Amino acid sequence: GGRGGRGGREKRRRSSPRTQYKNRSRRPKRTTIWTSKFNATHFREHTRDLFTFAFDNYMHQAYPHDELQPLDCRGRSADPNEENININDVLGNVSMTLIDTLDTLAIMGNYSAFWNGVTNVIDNTSFDQDTNVQVFEATIRLLGGLISAHVIATSPVFNMTNSHYDNELLTLSKDLANRLLPAFGATATGLPHPRVHLKHGLPSWQTNAIRLQSRETNTAAVGTLLLELGTVGRLTGDPVYEGVARRALHALFQCQSNSTRLFGNTIDIHTGKWKNENAGFGAGVDSFFEYLFKASILFDDEELLVLFNDVFNATKLSCQLPNLPLYGQVNMNTLHLSAPWIDSLQAFLPGLKVLYGDVSGAIVDHEVYLAIWRKYKALPERFNFLSKFPEIATYPLRPEFAESTYYLYRATKSRYYQRVGAEILLDIEKYSKTKCGFATLKYVRTRKLEDRMESFFLSETLKYLYLLFDDNHILHTKGRDRFLFTTEAHLLPVTKGVRFAYNASHWWPTPASISGIHKEWKRPSVCKKIPWELLMLDPLTATQRQFLKSMVGG
């Protein structure tokens, strides 16, 4: 894609200094993972080296483009062909990878690279671009990245403060949020438009194909906006941003099945009619559950917790296969199995269960994804558990399995999960590393590569793996300020200043149509600690383990 109005920026660019790839002779070996020689610190430093290699190559080969093409060693931004939604829903000529990765630099303790990156964003990034972007992607990657970096830059916790910083990233956050506002309030249903034009508001689509796609959104796209927009509102004292996200969420709940309590996948924003009635935990729905629960924590919102409990338990009950650790897709009305597959985005579920307190359930679910990972050395986008074959064989270096592995380690302290993380790291290095980055696996069976390194690889995958191996990280220190990860692994502060910035119930009273959902439900107690003896046992029953072996052919 073209540079989209980036003329002259190369001259003002401040590149991060290239860090040499360290410890070549001390790279951890695969043969040590399951032996007494395993050393988590070595894998932490190896993760840092791999991140530095990829990030430096992005800055030198691709910046100010949005992404690095790791095979051609050049940058890519938005495609002038608006029909290329696969690219343009994510890329907007705004240096996406840099913004999405700022907080990873800070978490790895690289003060100079963090502030070089912040300076680049402040000096060179403008959202006044002639591009259409997906509201969901712009919110979680760009808005979340800016807010997280601002929080880090102003919090003493991370030792990243700088006296010259004057809240410029927060100002950019508000500018971006303002450009997303036209997506809301323009439909009779209250459901937001899935895309906006960064300069002009709602897009004026040039082709019927794109116009048709602009009518549809999905459950996750509507339900994964509240953390970032709410935090911008509370940090700036402007309730408008949180208001539009809450109204969109309330509009989505008007479309919930009254009989099954389930949500479908894609929906017509103008009619509120479901276009795809598949319910489950996978792509198109996944982060909807995550944000209901996490927003209840961040904003101390009991109503959101009640709503989460209602839909989460209904989906677990309806989608789990009898006596098996698998969740399929079912029709939201009939509950008939409609799609017998596991998709890679669904691997977030063990992590969410850990946060919710269901550690035992998370342990069981995690084994399913681990079995698939070990078969392909990756997670295919979609694996059919009946045909026992990947229906969509791509692995774009997604983070969800690493994320759940991290949460399970933090909950159990079992080194088993660090060793699993070591397998993940070395598999990615072996099969995806190129001369200037890490490439998507186009086919997990043949290991053929695709020339794309999405920003979430640096923002999420390597961040979670780094933290998995770092027991003494400041985020893991008791008594410190608390933070919450967004779905893009950006940090938001769980503080009184955010929780009580203004009276949310005054601004957005809960609609009567959803206020009565299971009011008798009580908040779960603190999750029970699992005895270490049980952690040494196979979490699956003999029948479940046999099915899993049969499913992956092992």
Side-chain angles (χ1 to χ4, degrees), residues 219-220 223-224 226-227 230 249 252-253 256 261-263 279-282 285-320 325-327 342 345-370 399-414 417 460 464 467-468 475-476 482-492 494 499 514 517-531 534-535 539-540:
T219 300
T224 313
L226 184 53
L227 290 182
L249 189 62
L252 184 62
F253 268 89
Q256 183 182 22
R261 314 306 300 162
L262 300 182
F263 288 81
F281 287 113
V285 187
D286 52 344
S287 50
F288 162 65
F289 299 99
E290 180 185 359
Y291 269 41
L292 278 176
F293 185 64
K294 288 183 175 180
S296 76
I297 297 171
L298 185 65
F299 303 133
D300 195 27
D301 191 316
E302 190 77 19
E303 189 66 47
L304 291 175
L305 189 59
V306 171
L307 294 177
F308 168 79
N309 181 72
D310 175 58
V311 65
F312 185 62
N313 286 331
T315 306
K316 284 196 300 179
L317 181 66
S318 301
C319 295
Q320 184 169 7
L326 295 176
Y327 294 95
I342 305 167
L345 287 169
Q346 196 173 318
F348 88 101
L349 187 57
L352 180 60
K353 283 188 175 183
V354 168
L355 292 176
Y356 189 53
D358 183 14
V359 179
S360 297
I363 289 172
V364 171
D365 292 350
H366 185 269
E367 289 296 301
V368 176
Y369 304 106
L370 176 57
E400 284 75 17
F401 184 48
E403 173 187 3
S404 287
T405 304
Y406 163 72
Y407 278 119
L408 273 165
Y409 175 66
R410 297 308 309 166
T412 66
K413 297 301 190 297
S414 170
Y417 294 105
E460 300 183 73
Y464 280 124
L467 289 172
L468 171 65
L475 289 175
H476 304 150
R482 293 185 298 165
F483 295 87
L484 180 147
F485 281 120
T486 70
T487 196
E488 190 75 7
H490 293 309
L491 286 169
L492 300 181
V494 184
R499 284 184 165 182
I514 65 174
I517 295 178
H518 296 326
K519 278 295 188 181
E520 72 279 4
W521 176 77
K522 297 180 180 180
R523 181 187 293 268
S525 60
V526 177
C527 59
K528 296 180 180 179
K529 185 175 181 180
I530 299 177
L534 294 182
L535 291 173
L540 303 183

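The shown structure was predicted, so the numbers you read here are calculated from the model rather than taken from an experiment.
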task: Flag the pair Leu492 / Phe483 as yes when at least one side-chain heavy-atom distance between them is below 4.5 Å, and no otherwise.
output: no

field: Any side-chain heavy-atom pair of Pro325 and Glu367 under 4.5 Å
entry: no

task: Check whether any side-chain heavy atom of Leu355 sits under 4.5 Å from a side-chain heavy atom of Glu290, and report yes or no.
output: no

message: Pair Arg410, Leu467 - check side-chain contact (heavy atoms from CB on, under 4.5 Å), show working.
response: CA-CA 10 Å; Arg410 297 308 309 166; Leu467 289 172; over 6 Å; no

field: From Leu349 atom CG to Lys316 atom NZ, the distance as rounded to the nearest 0.5 Å
entry: 8.5 Å

- request: Could you tell me whether a side-chain N or O of Tyr369 sits under 3.5 Å from a main-chain N or O of Gln346, the two making a donor and an acceptor?
  value: yes

field: 4.5 Å side-chain heavy-atom contact, Leu227 and His490
entry: no

query: Which heavy atom in Cys319 sits nearest to a heavy atom in Ala279, and how many Å separate them?
result: SG-O, 3.5 Å

task: Determine the minimum heavy-atom distance between Ser296 and Leu304, stating which atoms define it.
output: CB-CB, 3.9 Å

query: For Leu345, what residues pass the side-chain contact (heavy atoms from CB on, under 4.5 Å) criterion, not counting sequence neighbours?
result: Ala283, Asp286, Asp343, Arg398, Glu400

For the student: nearest non-hydrogen atoms of Arg261 and Val311, plus distance: O-CG2, 3.8 Å

message: To the closest 0.5 Å, what do you measure between NZ (Lys294) and CG (Leu305)?
response: 14.5 Å

- line: Heavy-atom nearest pair, Val285 first then Gly280, reads CG1-O, 3.5 Å

- prompt: Run the ring pair (Phe, Tyr, Trp, His ring centres under 6.0 Å) check on Phe312 and Phe281 step by step: do they pass?
  reply: CA-CA 9 Å; Phe312 185 62; Phe281 287 113; 5.6 Å; yes

task: Could you tell me whether the side chain of Arg499 and the main chain of Ile297 form a donor-acceptor pair under 3.5 Å?
output: yes

message: The criterion is side-chain contact (heavy atoms from CB on, under 4.5 Å); which residues satisfy it with Leu317, sequence neighbours excluded?
response: none

Side-chain heavy-atom pair Phe485, Tyr406 within 4.5 angstrom cut-off: yes

- request: Just jot down the side chain to side chain donor-acceptor pair (under 3.5 Å) partners of Thr315, sequence neighbours excluded, or say none.
  value: none

field: Under the side chain to side chain donor-acceptor pair (under 3.5 Å) test, residues paired with Thr486 that sit two or more places apart
entry: none

message: Suppose we screen for side chain to side chain donor-acceptor pair (under 3.5 Å). Which residues come up paired with Thr405, at least two apart in sequence or across chains?
response: His366

- request: Kindly determine whether Ile363 and Tyr417 satisfy side-chain contact (heavy atoms from CB on, under 4.5 Å), including the steps that lead there.
  value: CA-CA 10 Å; Ile363 289 172; Tyr417 294 105; 3.5 Å; yes

message: Looking at every heavy atom in both Asp310 and Gln256, which two are closest together, and how far apart are they?
response: OD2-NE2, 3.2 Å

query: Which heavy atom in Ala295 sits nearest to a heavy atom in Asp301, and how many Å separate them?
result: O-CB, 4.4 Å

- prompt: Parallel, tilted or perpendicular for Phe263 and Phe253, by the 30°/60° rule?
  reply: perpendicular

message: Tyr291: which residues meet the ring-ring contact (aromatic ring centres under 6.0 Å, His included) condition with it, sequence neighbours left out?
response: none

field: Nearest-0.5 Å distance, OG1 of residue Thr224 to CG of residue Leu249
entry: 9.5 Å

query: Can you find a heavy atom in the side chain of Leu352 that is under 4.5 Å from one in the side chain of Tyr407?
result: no

message: So Thr487 and Phe288, do their side chains get closer than 4.5 Å, heavy atoms only?
response: no

message: Taking Phe401's backbone N and O only, do any of them form a donor-acceptor pair with Ser404's side chain (distance below 3.5 Å, no angle check)?
response: no

